J.: 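Structure incoming, see below.
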Amino acid sequence: MNVIHYSADELTALMKQMSLMYDIVRIVDPEGDNEWVLGSSGELRKEDFCPKISDNRKNCSECDSFMACKEGKRVERTEIIDGKIFHIVMFPVDFSLANGSEVRCALECITRIENSEDDVLEIVKDGHRLEIKEDKVMVDPLTGLYNWDGFFYESRAAIDSQPDKEWVVIVYDIMSFKLVNDLFGEDKGDEVLVKVAGLIESKCEEGEVCARLRGDLFAVCIHKDHYDSTFTISASKELPGLINSPQFHLHIQGGVYNVTDKNVMVSAMVDRAHLALSTIKGSSERRMIEFDENLMARLLNEQQIITDFKRALLDREFHMFLQPQVSNKGEVKGAEALVRWIRPDNEIVSPGDFLDVLERTDLITDLDKYIWEEAAKTLASWKGTDKENLYISINISPKDFFYMDVYQFIHDLVDKYDLDKKKLKLEITETILMQDAIKQLALVNRLHDEGFDIEIDDFGKGYSSLSLLKDINADVLKIDKEFLQETQNSKRSEDILGTVIDMSDRLAMRVITEGVETREQLEKMIELGCYMFQGYYFAKPMSLEEFESKWTEIGASFNEEKLA
């Protein structure tokens, strides 16, 4: 694997991130007998301990941490110390010391297997399996499934007793489950847990193991030849009516670990499945993800993005790009503000590499505020020019409503740059209304009533519904590009699109079709009654300078008379 170099600040940020997933995270230098741990206030603190978990073991050049450093590869081990069980994963990293020198260290991510000194859980070590005490409670009283201890024991027993079988461990999590208790009460929360438990259990066959590990975290240990798409759970479809709210939908995500080594502890299998799950947690797109050995490397790369972000924001490495929105007459009416990260060496970081990371870590709000202000400054600079009638649409993330006062910030921008509210359009997705729907709906409608144009993005994708259009005062409906692609070969899709456009007309809403890439798509959508478009057929997102120099030319290349 590639060994990543870190500064002290970057290493601190990395350790804080990994501490959310592991019980102990530390950096060790086995050659120098040094260890760095996170202090109570988050600082790195150096200690002169042996890099083993216990300090009663003598350091030596044959230890696993030394081998991880020397060979530059991932190493795993399990230890029993004073009756306590630990699973350790080590990764090599390069670390700059305060004096400027560099050393190769090992990042140790340690999981403590829950037990008491009297109740040692199962572990395979030297060919022997330690057993759980017979009086240990193994059943979750709420759902009737196994609890963590039961899953631990029964999964090991199942794997050992069926040596010819291949196995898969899946860990499930209910997205935003805390909101179920907050919005609908704890009784409804318990009802959801029981129903989800029954749904997951119904998919398991005889000889397989199903458990509620804790809270809203479930797990199954199943035969690999039984693992298929049926284990991708769609709660909104398979548990209809459980949550009676048009704005809140139950979503369940899963992390999958294919058991390649049956002697690995069950807890380590769960750790790996859970680690995979953590990479998509909160995503509205991904439902299942499989663990692979490169996953930690990807997490380290993501941490590099997080570490670089604030510096890059201060250094203005983020640039507003504009993608034109064009009428059927070939006239540019405005543009959507997008973002590109351009490093000092002109390397362009793909939005797909950093936007999801910023969304998951709640840093997206800082980036949004930056781009919104860039859009406002641009609109102000267009006053008195040939571009003064153009608008710019800005995207509002669901996280923005929770980490800032969107209403006040938008109003402050309009006042600061003396803008026409119609020129700064606000683009939202339906997921904004999935959390604290009443509050967010009131805020969005208030902005609309005060003169801002509200655009609903990605309509036709995910869980968009007519109730959304009933409850929200929107001015523009943006038809998702994936939905548009179906119009090339599906009369049914054309009928649906035509109906959506007709409905929008009745609601006095304008329609913008996104993702227009071909002349055929353009002409078909005009035939269906759409007259505003955005997509590569006209132009890719471009820098502000390029947009300002080319905006009058965009769209002029197609036959205006034919499209009219």
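Not measured: the values here are computed from a predicted model. Computation of the quantities below employed the complete heavy-atom set of this structure, encompassing side-chain atoms and omitting hydrogens, waters and symmetry-equivalent molecules.
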J.: Kindly assign one of parallel, tilted or perpendicular to the pair Phe318 and Trp341, based on the angle between their ring planes and the thresholds 30° and 60°.
T.: tilted
J.: Nearest 0.5 Å, what's the CD1-CD1 distance between Ile222 and Ile200?
T.: 11.0 Å
J.: Does some side-chain heavy atom of Asp216 sit less than 4.5 Å from a side-chain heavy atom of Val192?
T.: no
J.: Nearest 0.5 Å, what's the CG-CZ distance between Asp140 and Arg212?
T.: 4.5 Å
J.: Do Phe409 and Asp400 have side chains that get closer than 4.5 Å, going by heavy atoms?
T.: no
J.: Please check if atom CZ in Arg343 has more than 12 non-hydrogen atoms from other residues, nucleotides or ligands closer than 6.0 Å.
T.: yes
J.: If only atom types and distance count, is the side chain of Ser155 paired as donor or acceptor with the main-chain N or O of Phe152 below 3.5 Å?
T.: no
J.: Could you give the distance from CD (Glu427) to CD1 (Ile396), rounded to the nearest 0.5 Å?
T.: 9.5 Å
J.: Sequence neighbours excluded, which residues qualify as salt bridge (charged side-chain N to carboxylate O under 4.0 Å, His left out) partners of Lys178?
T.: Asp182
J.: Does the pair Ile456 and Lys478 meet the rule for a side-chain contact (heavy atoms from CB on, under 4.5 Å), with working shown?
T.: CA-CA 6 Å; Ile456 300 178; Lys478 298 188 75 175; over 6 Å; no
J.: So, do Phe218 and Phe151 have ring centers that fall under 6.0 Å from each other?
T.: no
J.: Hey, are the side chains of Asn395 and Thr429 touching, using non-hydrogen atoms and a 4.5 Å cut-off?
T.: no
J.: Centroid-to-centroid, Phe231 to His226, below 6.0 Å?
T.: yes
J.: Heavy atoms, side chains only, cut-off 4.5 Å: are Tyr172 and Met288 in contact?
T.: yes
J.: Please tell me if the side chains of Lys310 and Asp366 come closer than 4.5 Å, counting only heavy atoms from C-beta onward.
T.: yes
J.: Check for a donor-acceptor pair, side chain of Glu154 on one end and backbone N or O of Tyr146 on the other, with a separation under 3.5 Å.
T.: no
J.: Evaluate the side-chain proximity of Phe177 to Leu193: yes if any heavy-atom separation is below 4.5 Å, no if none is.
T.: yes
J.: Using the side chain to side chain donor-acceptor pair (under 3.5 Å) rule, pick out the option among Glu166, Arg272, Glu290 that qualifies with Asn258.
T.: Glu290
J.: Counting only heavy atoms not in Glu347, do more than 12 fall under 6.0 Å of its CD?
T.: yes
J.: Taking C-beta and beyond as the side chain, do Met269 and Val259 meet within less than 4.5 Å on heavy atoms?
T.: yes
J.: If I take atom CG from residue Asp190 and atom OG1 from residue Thr143, how far apart are they, to the nearest 0.5 angstrom?
T.: 10.5 Å
J.: For the residue pair Asp271 and His274, establish whether any side-chain heavy-atom pair is separated by less than 4.5 Å.
T.: no
J.: Kindly compute the distance separating OG1 (Thr279) from CD1 (Ile289), expressed to the nearest 0.5 Å.
T.: 3.5 Å
J.: Do Ile472 and Ile428 pass the side-chain contact (heavy atoms from CB on, under 4.5 Å) test, and can you show the C-alpha distance, the side-chain angles, and the key distance before you say yes or no?
T.: CA-CA 11 Å; Ile472 191 170; Ile428 66 171; 3.5 Å; yes
J.: Keeping the roles fixed (side chain from Lys262, backbone from Pro163), state whether a donor-acceptor pair exists under 3.5 Å.
T.: yes
J.: Do Val220 and Tyr227 pass the side-chain contact (heavy atoms from CB on, under 4.5 Å) test, and can you show the C-alpha distance, the side-chain angles, and the key distance before you say yes or no?
T.: CA-CA 11 Å; Val220 296; Tyr227 170 56; over 6 Å; no
J.: Distance-only, no hydrogens or angles: does the Trp167 side chain make a donor-acceptor pair with backbone N or O of Thr260 under 3.5 Å?
T.: no
J.: Evaluate the side-chain contact (heavy atoms from CB on, under 4.5 Å) criterion for residues Arg287 and Met175: first the C-alpha distance (whole Å), next the side-chain angles of each, then the deciding distance (0.1 Å), finally the verdict.
T.: CA-CA 10 Å; Arg287 288 289 176 265; Met175 289 175 59; 4.1 Å; yes
J.: Taking atom CG of Leu142 and atom CD of Glu191, what is their separation to the nearest 0.5 Å?
T.: 11.0 Å
J.: Please determine whether the number of non-hydrogen atoms from other residues, nucleotides or ligands lying under 6.0 Å from atom NZ of Lys203 exceeds 12.
T.: yes
